[in-house]
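Everything below concerns the one structure shown next.
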Number of protein chains: 2
Amino acid sequence: MARPREFDEDIALEQVMDLLWTRGYEATSVDDLCAATGLSRSSLYATFGGKRNLLLRSVDRYVERRTPSIAAILARPVPVREAFAALLAEFIDQIVAGSGRRGCFLGNCAAELPRGDRAALAHVRQGLGRTEAVFREALVQAKARGELQPKADTDALARFLTAGIQGLRLVGKVNPDRGTLEDIVATMLRCLD
Amino acid sequence: MARPREFDEDIALEQVMDLLWTRGYEATSVDDLCAATGLSRSSLYATFGGKRNLLLRSVDRYVERRTPSIAAILARPVPVREAFAALLAEFIDQIVAGSGRRGCFLGNCAAELPRGDRAALAHVRQGLGRTEAVFREALVQAKARGELQPKADTDALARFLTAGIQGLRLVGKVNPDRGTLEDIVATMLRCLD
DNA sequence: GCTATTCTGGACTATATAGTCCAATACTCC
DNA sequence: GGAGTATTGGACTATATAGTCCAGAATAGC
């Protein structure tokens, strides 16, 4: 042990994630990241090892933060359709209010990452997979409770909802109109009937 | 009149669009665009007026190219559900084959553009609106033919399908697995029943 | 062929960028 | 308090970038 860090690695990563989320990877410079975290270049490079590594870690961090908060909403003791309706309504609220106008970080990364960046795409894929798994779990339980049709394909539903939310949030970035988004959500939820 | 251009403006724009689509806006340099088009910087700047303008014009060009090809598929003399199934199947094929792995140019732009770039976002919004209008038109006609339920909300359906396709193509970029994509599409199409 | 006019190659500028490096610093353990 | 060690600030490098500029080239009209 010797001189201790003057910053909290977790907080710094949070700030990095936030900036990459808002501005995008390519449009964010290392100087920007230093400014956002208050770290010097040395500390940033020593701790995280460069811009690209920060992206990968930010993606993972986003997933770790986002998955439980989604799971919490779906764990409410209400019918699964209501639970998803609440989740989607929250997305709409955030988009309309402005805070959700930067889209989903995973979605932004998926769109911006070059096709050849397999490592980064794998992180994003894993993140989407985590969401999908949470959805599936909620759907399986709901099916066991008899809330879904017996022939309902919970795998397919989970995948559809995952993609649907990406579409919703993407459209919301460009067209943050409540009526439009509510149309999308209402139609989406009909798959649960 | 004097010295004529040595290149075709339309072809050059096409090549620009292609590169911006594949690589993204921020990751593409003006030198890259010169190389892709074969134009010198002078010609590029004189003709199009800089990188940002090229983006806006590329978005418009993409919409002009894409909308009719979608409309053509939906104009086939088959039930609207089959027509949409064919459209979505084509997207899946392109994704799985690889050519569709770069996503939708509009979607990529929506994701990458900063929230504050209102002009560019407006071009993207208009592009999505064109797709939505084509969808709506096909749905309205189908409804008149009695293919949809009398209470079907064609506006909402068109919006939902527009967003759903964005979600599908985004997910496809990260996870180009036919089974996953077919699950998404199958569930999506149920809104037309 | 001559001239006016537009186009083209590529040099040029000023700035931004990712990443490296080291001396100075601040702390812990003994 | 001394020695060892990890951290920090910030200078530094080499390269890339968006956009400007102009001299020379190529053409149409006469």
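Everything quoted here is computed from the prediction, not taken from an experiment. The figures here come from the full heavy-atom set of this structure, side chains too, leaving out hydrogens, waters and symmetry mates. Chain identifiers are assigned alphabetically (A, B, ...) following the order of the sequence lines, protein sequences preceding nucleic acid strands; residue numbering begins at 1 within each chain.
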Considering only distance and modelled atom types, tabulate donor-acceptor pairs under 3.5 Å from the side chains of residues 73-87 of chain B, sequence neighbours left out.
from, atom 1, to, atom 2, distance (Å)
Arg81(B), NE, Asp193(B), OD1, 2.7
Arg81(B), NH2, Asp193(B), OD2, 3.3

Below 3.5 Å, can you tabulate the donor-acceptor pairs from side chains in residues 134-146 of chain B to any protein atom, sequence neighbours excluded?
from, atom 1, to, atom 2, distance (Å)
Arg136(B), NH1, Glu132(B), OE2, 3.3
Glu137(B), OE2, Gln141(B), NE2, 2.8
Lys143(B), NZ, Pro150(B), O, 3.3
Lys143(B), NZ, Ala152(B), O, 2.8
Arg145(B), NE, Glu147(B), OE2, 2.7
Arg145(B), NH2, Glu147(B), OE1, 3.4
Arg145(B), NH2, Glu147(B), OE2, 2.9

Its contact letters, B for base, S for sugar-phosphate only and - for none at protein heavy atoms under 4.0 Å, make nucleotides 17-22 of chain D read SBBBB-

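DNA chain D is contacted by no residue of residues 17-24 of chain A, taking any non-hydrogen atom closer than 4.0 Å. For residues 6-13 of chain B, proximity to DNA chain C is found at Glu6(B), Phe7(B), defined as any non-hydrogen atom under 4.0 angstrom from a strand atom. Taken residue by residue, residues 114-121 of chain A places no heavy atom nearer than 4.0 Å to DNA chain D.
With sequence neighbours left out, the salt bridge (Lys or Arg N to Asp or Glu O under 4.0 Å) criterion links Arg115(A) to no other residue. Considering only residues two or more places apart in sequence or on other chains, Arg52(B) meets the side chain to side chain contact (heavy atoms under 4.5 Å, CB included) condition with Tyr25(B), Leu56(B), Asp117(B), Ala119(B), Ala120(B). Remark: Asp32(A) pairs with Leu19(A), Arg23(A), Thr28(A), Ser29(A) by the side chain to side chain contact (heavy atoms under 4.5 Å, CB included) rule, at least two apart or across chains. Residues satisfying the side chain to side chain contact (heavy atoms under 4.5 Å, CB included) criterion with Glu6(B), sequence neighbours excluded, are Arg3(B). With sequence neighbours excluded, the residues that form a side chain to side chain contact (heavy atoms under 4.5 Å, CB included) with Ser42(A) are Ser40(A). Checked against salt bridge (Lys or Arg N to Asp or Glu O under 4.0 Å), Arg41(B) has the following partners two or more places apart in sequence or in another chain: Asp31(B).
Between Arg57(B) and Glu9(B) there is a salt bridge, with a side-chain nitrogen of the basic residue lying less than 4.0 Å from a carboxylate oxygen of the acidic one.
A donor-acceptor pair is defined here as one N or O able to donate and one able to accept, closer than 3.5 Å; no such pair exists between the side chain of Ser43(A) and the backbone of Leu39(A). Looking only at distances, no side-chain donor or acceptor of Lys51(A) sits under 3.5 Å from a matching main-chain atom of Val30(A).
Between Tyr62(B) and Trp21(B), the two ring planes are perpendicular [angle over 60°; tilted spans 30° to 60°].
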